[in-house]
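Below is one structure, written out as structure tokens; comments come after it.
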There are 4 protein chains.
Amino acid sequence: MGMIGGGEGSLIGPVHRMAARLDGMIDLVSGAFSSNPVVSGITGTGEGLESSRIYGSWQEMIDRESRLPDDIRPHFIAIVTPNHLHYGPAKMALEAGFHVLCDKPLCMSVAEAIDLHETVERTGKLFCLTHNYTGYPMVRRAREMVLGGDLGEIRKITVEYFQGWLSSPVETTGNKQASWRADPEKAGIAGAMADIGTHAFNLAEYVSGLEVTALSADLHTLVPGRKLDDDGNVFLEFRKGISGTLLASQIAIGEENNLSIRVYGNKGSITWRQMEPNSLVVMWPDKPFQIYRTGTTFRDAGVAAPMHTRLPAGHPEGFIEAFANLYRNFALNIVAAAEGKSNDIMVDYPGIYEGVRGMKFLEAVVASGLHGSARTAV
Amino acid sequence: MGMIGGGEGSLIGPVHRMAARLDGMIDLVSGAFSSNPVVSGITGTGEGLESSRIYGSWQEMIDRESRLPDDIRPHFIAIVTPNHLHYGPAKMALEAGFHVLCDKPLCMSVAEAIDLHETVERTGKLFCLTHNYTGYPMVRRAREMVLGGDLGEIRKITVEYFQGWLSSPVETTGNKQASWRADPEKAGIAGAMADIGTHAFNLAEYVSGLEVTALSADLHTLVPGRKLDDDGNVFLEFRKGISGTLLASQIAIGEENNLSIRVYGNKGSITWRQMEPNSLVVMWPDKPFQIYRTGTTFRDAGVAAPMHTRLPAGHPEGFIEAFANLYRNFALNIVAAAEGKSNDIMVDYPGIYEGVRGMKFLEAVVASGLHGSARTAV
Amino acid sequence: MGMIGGGEGSLIGPVHRMAARLDGMIDLVSGAFSSNPVVSGITGTGEGLESSRIYGSWQEMIDRESRLPDDIRPHFIAIVTPNHLHYGPAKMALEAGFHVLCDKPLCMSVAEAIDLHETVERTGKLFCLTHNYTGYPMVRRAREMVLGGDLGEIRKITVEYFQGWLSSPVETTGNKQASWRADPEKAGIAGAMADIGTHAFNLAEYVSGLEVTALSADLHTLVPGRKLDDDGNVFLEFRKGISGTLLASQIAIGEENNLSIRVYGNKGSITWRQMEPNSLVVMWPDKPFQIYRTGTTFRDAGVAAPMHTRLPAGHPEGFIEAFANLYRNFALNIVAAAEGKSNDIMVDYPGIYEGVRGMKFLEAVVASGLHGSARTAV
Amino acid sequence: MGMIGGGEGSLIGPVHRMAARLDGMIDLVSGAFSSNPVVSGITGTGEGLESSRIYGSWQEMIDRESRLPDDIRPHFIAIVTPNHLHYGPAKMALEAGFHVLCDKPLCMSVAEAIDLHETVERTGKLFCLTHNYTGYPMVRRAREMVLGGDLGEIRKITVEYFQGWLSSPVETTGNKQASWRADPEKAGIAGAMADIGTHAFNLAEYVSGLEVTALSADLHTLVPGRKLDDDGNVFLEFRKGISGTLLASQIAIGEENNLSIRVYGNKGSITWRQMEPNSLVVMWPDKPFQIYRTGTTFRDAGVAAPMHTRLPAGHPEGFIEAFANLYRNFALNIVAAAEGKSNDIMVDYPGIYEGVRGMKFLEAVVASGLHGSARTAV
């Protein structure tokens with residue numbers, strides 16, 4: 001793969017590289033790691049790249065790499081830049097014939113998202129959006145149970161994503177992660193809702209298999225001087241009249257990366273928490289609670305989780321492993337595509353559709369937030 | 001004490017009696033346990049009451065008991081009937097010169113609540129509303145920390161109360177608890193919001209010391225045929241622009257009695273969960289999380305929790321003990337009042353003010369729910 | 001009931017009284033609460049006893065109370081004194097025709113224990129030893145599952161009881177609880193092993209239904225100046241060659257009252273922890289873990305736990321409730337005995353047999369500890 | 001690196017390779033993955049090795065690789081074979097001038113271990129033994145606190161390692177992992193004690209910085225037909241008279257990989273559990289419990305944990321990350337050694353000393369177990 005973004009000081013760049021490396025299927029061969037050529041050079045050299053494959057701009061990289069022979073050019077480009085630098089590189093890379101893997105949220109607007117969607121369809125290239133929490137084995141198991149009807153008819157979906165790292169104005173103190181996320185020019189129309197709300201939204205739609213059709217949002221900016229939301233609560237309406245809530249905050253002191261989902265059906269319910277990711281609690285009205293665990297292998301463990309698990313039960317698999325599952329799945333589908341096969345639904349990954357959904361969610365949330373929590377269609 | 005309600009088949013009646021008995025300060029001396037005199041007789045006899053002190057109607061009981069000599073008549077009347085039978089007995093008992101302890105919610109309307117409030121003030125009698133969760137030692141500690149400024153300025157309050165026992169239409173199958181709660185004639189204008197939402201609301205105001213000024217509610221009735229809400233989500237606005245959420249459901253399968261509160265300040269935050277009531281998690285941005293525990297006695301444990309604790313740490317105190325703390329506090333204040341002393345703020349209990357608050361919450365929630373989640377003043 | 005011991009400053013006396021009161025079946029009618037008549041008088045008056053029923057010595061109490069008419073004299077005597085004052089009162093009370101409830105350990109030696117056993121058999125009186133942890137609903141469920149064969153053949157039993165309150169020499173600072181426990185004249189031949197080790201031992205035998213036949217003990221006294229063990233580890237051999245361990249400590253700082261039991265069979269296993277007493281974790285090799293909970297009512301919940309539960313699931317029942325279950329069971333059996341019925345096995349309680357077992361355990365543990373952990377028959 | 005062992009069907013081979021790859025510092029360049037050349041070829045090809053660097057025997061590999069030019073030959077050899085194939089390859093690789101990383105336990109006897117120790121000293125090569133649990137950030141923090149005196153004088157150390165995967169005779173059903181572990185020819189003198197007991201032993205010595213001087217062991221073989229221990233309990237004596245226990249079992253159904261350590265001092269205590277590896281619970285007698293978490297960055301978080309952490313708090317790091325920390329540390333020390341620097345104590349890793357300790361532990365445990373749990377010097 002080639003990588004755009006992720007230079008020195010990036011948080012998510014190294015995560016992408018570790019995730020790509022973990023299973024030994026993907027090699028990093030080129031990169032434009034920063035708009036600063038010096039930084040790009042340092043990062044690329046540190047990664048052991050040939051100097052000829054390290055670029056000072058993404059445009060140059062895509063242009064040059066696209067003209068390399070098939071056995072040398074990367075199969076896909078990973079885009080790990082701040083939000084405002086997703087659309088351009090993604091579009092150019094797709095049109096240059098590359099498959100694309102891109103960090104979330106997809107871009108800056110629904111319009112951009114629809115344009116990328118059209119580009120993906122036109123070019124026939126594969127597109128992966130790293131809603132990485134869908135890579136956890138127990139999230140896969142949860143989806144399998146919900147879609148398989150184990151919980152009966154779904155009645156209620158509760159997602160929550162609390163963090164505390166933006167509880168003070170760290171964007172003014174040189175924190176690189178915070179700086180661009182707090183800047184509307186780079187982050188887009190939303191803050192916490194873009195950064196983590198979209199993850200929670202994606203998780204709700206992924207696990208339930210249901211689309212959100214409307215919402216009412218109550219957004220807050222609690223740290224003085226901040227320009228974008230850092231806290232918000234959303235009523236969700238899914239298809240079939242199913243209701244839900246999405247709570248997200250980045251000012252909740254002490255909360256680390258507390259993403260959770262609960263799905264309640266008329267036969268049973270499930271709870272999953274990202275900070276204890278290897279357990280899935282399943283509750284029934286008429287028998288003892290059950291706990292499914294990553295790595296168990298008995299027949300009733302389903303088939304989705306084992307396909308996303310590397311170790312026996314009790315050997316904790318974490319954030320990087322889940323992230324790596326998306327890279328692995330994307331790579332497997334690229335291989336399949338190269339062999340003329342269709343996507344393998346067992347090794348699915350979030351894609352351009354999920355990217356469009358996320359942008360529609362963001363525009364609806366912001367519009368509702370600005371209009372007194374008015375009910376807004378998604 | 002004398003008791004109105006709580007006859008055979010009642011859930012909460014025996015709880016009140018166990019709570020009253022636990023500390024050996026309160027004797028049950030009379031009761032009108034049911035509108036069915038036979039049932040009342042059976043319950044009263046089972047409780048070892050003299051037959052002359054067992055009544056077939058609450059009116060008769062209040063009338064007769066109020067004419068007993070001071071050393072025989074009960075100091076207070078406990079009202080543990082369904083909601084529609086709170087106002088009448090409470091008013092009559094107050095006016096007959098009794099202190100009153102009453103189950104929640106206070107009554108059927110804000111108008112009734114205000115009338116009771118006026119009656120309490122006029123008669124000078126003490127009034128306890130059994131928002132029993134305020135009796136837990138760690139809730140007391142949470143309030144002490146919040147009011148003492150340990151968390152800094154409060155920014156966000158999240159309360160949640162999930163149950164699953166009404167996930168099927170048990171009110172149609174002879175379940176006495178469910179039957180009256182599902183009947184607007186007996187429960188009032190709300191279902192889940194009255195039964196458990198008011199507890200969550202009270203807990204939010206109690207721990208934070210802040211009043212809710214407005215709300216937006218999204219109410220649902222998910223079990224077909226049910227007349228009142230069994231699930232709902234509320235955006236809360238507290239004084240000073242502090243925001244919050246209240247989620248309540250009685251159709252969340254597997255959830256037992258899952259009440260929790262989280263309060264986030266700009267210096268720290270706390271989390272408390274009713275189902276693990278003896279721990280209070282305190283989180284800080286710049287030092288390790290802390291866990292306060294019921295029964296610890298070091299100096300930093302505060303003074304509120306120890307006053308509501310019977311046992312050394314690690315000897316779990318539960319629901320009945322917390323409930324008993326309100327009875328104990330009420331009794332201590334009755335004794336103090338008899339001695340001409342003012343209420344002891346260290347052994348406080350929810351009272352008529354909290355009852356009025358709860359009714360205002362309910363009317364606002366229902367109004368907002370009926371009007372598309374419109375923002376509604378409380 | 002009448003009570004011996006439990007005067008002002010006692011920890012366990014008030015617990016016994018709360019436990020006795022909780023269900024409204026038992027009245028305290030007389031007491032010799034202290035060898036100091038003033039203290040006994042204060043305690044008895046505080047409990048609302050008639051002054052004629054408050055005694056300055058247990059001998060006087062048993063003598064006088066035994067001569068009261070049947071409808072006035074207590075049905076049983078509760079003995080809640082330090083260990084050295086169990087044997088005498090228990091023997092005299094039994095011989096005076098009272099049923100007896102006694103705190104653990106039973107007495108000071110196996111010889112005393114056997115003598116009490118013989119006395120119980122000779123007098124035909126009922127005897128309850130308050131190994132109170134057997135009163136928890138989930139302990140009852142655990143025993144039911146083990147004895148019912150749900151776990152298959154038992155292979156391994158692990159019990160552990162860690163506390164930290166004796167991590168410094170508090171017996172020298174006026175702590176009444178610590179003082180007598182650290183004094184061989186009052187506590188007997190063992191410290192931590194007598195105080196908490198016997199509870200763990202009893203729990204292992206109760207849940208498994210298996211007797212320990214031999215043991216090897218490694219005892220320690222870690223606080224300088226202390227005369228008895230405050231920490232120890234024991235290898236256990238049960239019948240049928242089943243092995244186990246018992247770890248107990250009172251110097252484990254931070255451990256509150258951390259008693260747990262794990263039983264491993266060849267089909268499944270269970271874990272129960274006193275500090276989260278309302279859950280029983282059941283693990284299987286070939287299906288998801290299960291969690292049984294106090295208060296659930298579905299058919300598979302068994303029959304033993306519901307008989308020891310007062311509240312719906314999620315309303316935590318704690319230490320006092322479990323303790324009260326023994327009082328309740330003992331009272332029910334006294335009533336049954338008065339009606340000429342045999343003991344009800346569903347409402348069982350630890351008795352004189354368990355008392356003898358505990359003393360045999362203690363003598364074996366101490367002997368082994370003194371002889372280099374030599375294997376010692378129990 | 002080059003690898004010996006870890007061919008198709010190996011569990012630990014892929015783990016080593018993922019751990020080596022994670023940080024992008026280490027390339028696999030050669031391997032003798034199996035004594036079956038076909039299997040070795042398949043594995044090596046799957047790993048993308050050049051065919052000339054894939055070998056059918058470890059002797060051939062060491063011989064051939066040692067004669068490659070410096071810039072081509074691997075810096076170290078990783079040995080991931082069953083126990084009986086550690087000593088030979090390790091000795092030959094050291095003498096051929098390679099640094100060596102080896103799975104645990106070190107070898108088959110103390111004699112072999114001492115010989116390897118001598119070989120390491122003689123050759124001056126670095127040696128890493130993958131007691132991988134020492135790679136967890138919170139284990140590093142625990143050690144830092146214990147050695148730094150935060151807990152005061154250590155009094156008691158409790159380690160436990162429970163698994164259930166050998167609860168039935170899976171070694172007879174074609175399970176490759178179980179087969180060699182159950183075979184004394186390949187596993188050595190011990191079963192569970194060698195496989196997991198040595199990990200627990202190492203963890204106890206690593207975290208405490210204290211050597212075990214003597215022990216008494218109670219070993220069991222619970223699955224009929226099995227030749228080695230599958231369950232055992234050990235009393236431990238550390239230097240300075242500090243006591244402890246080590247419990248290990250592989251027949252504890254439902255236990256996944258339940259390794260834990262508790263260290264009790266006279267000022268405080270710590271608890272760490274491998275299955276929730278990102279929390280370290282610290283308990284004090286006189287202030288609230290504290291929880292340290294992987295990834296927190298405040299000043300009081302110490303320096304050891306942050307050096308072994310890749311992600312912000314709340315992004316779970318698991319088994320592979322901890323394992324990778326040893327590879328990373330070993331690689332950093334190899335680089336330092338190549339530059340003539342001494343080992344960096346901040347990035348330490350278990351080495352040949354720990355290997356000798358483990359073998360001494362095993363021989364002592366087995367000797368004690370065979371002689372009625374006789375106290376045996378380590």
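Just so we're on the same page: letters track the sequence lines, and every chain starts at 1.
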*asked:* Given heavy-atom pairs under 4.5 angstrom as the criterion, report whether the side chain, backbone, both or neither of D/Val234 touches chain C.
replied: backbone
So which donor and acceptor atoms of chain C and chain D come within less than 3.5 Å of each other?
| from | atom 1 | to | atom 2 | distance (Å) |
| --- | --- | --- | --- | --- |
| C/Arg155 | NH1 | D/Ser167 | O | 2.8 |
| C/Arg155 | NH2 | D/Ser167 | O | 3.2 |
| C/Lys156 | NZ | D/Asp231 | OD1 | 3.4 |
| C/Lys156 | NZ | D/Asp231 | OD2 | 2.8 |
| C/Glu160 | OE1 | D/Arg262 | NH2 | 3.0 |
| C/Glu160 | OE2 | D/Arg262 | NH1 | 2.5 |
| C/Glu160 | OE2 | D/Arg262 | NH2 | 3.3 |
| C/Ser167 | O | D/Arg155 | NH1 | 2.8 |
| C/Ser167 | O | D/Arg155 | NH2 | 3.2 |
| C/His220 | NE2 | D/Ser243 | OG | 3.4 |
| C/Asp231 | OD1 | D/Lys156 | NZ | 3.4 |
| C/Asp231 | OD2 | D/Lys156 | NZ | 2.8 |
| C/Ser243 | OG | D/His220 | NE2 | 3.4 |
| C/Ile253 | O | D/Ser269 | OG | 2.5 |
| C/Glu255 | OE2 | D/Tyr264 | OH | 2.5 |
| C/Arg262 | NH1 | D/Glu160 | OE2 | 2.6 |
| C/Arg262 | NH2 | D/Glu160 | OE1 | 3.0 |
| C/Arg262 | NH2 | D/Glu160 | OE2 | 3.3 |
| C/Tyr264 | OH | D/Glu255 | OE2 | 2.5 |
| C/Ser269 | OG | D/Ile253 | O | 2.5 |

*Proximity breakdown for D/Phe235 and chain C, heavy-atom pairs closer than 4.5 Å*: both
*Closest heavy-atom contact between D/Gly265 and C/Ile253?*
O-CD1, 3.4 Å
*With a 4.5 angstrom heavy-atom cut-off, which part of D/Ile251 approaches chain C: side chain, backbone, both or neither?*
both
*How long is the gap from CG on D/Leu222 to CD1 on C/Ile154, to the nearest 0.5 Å?*
12.0 Å
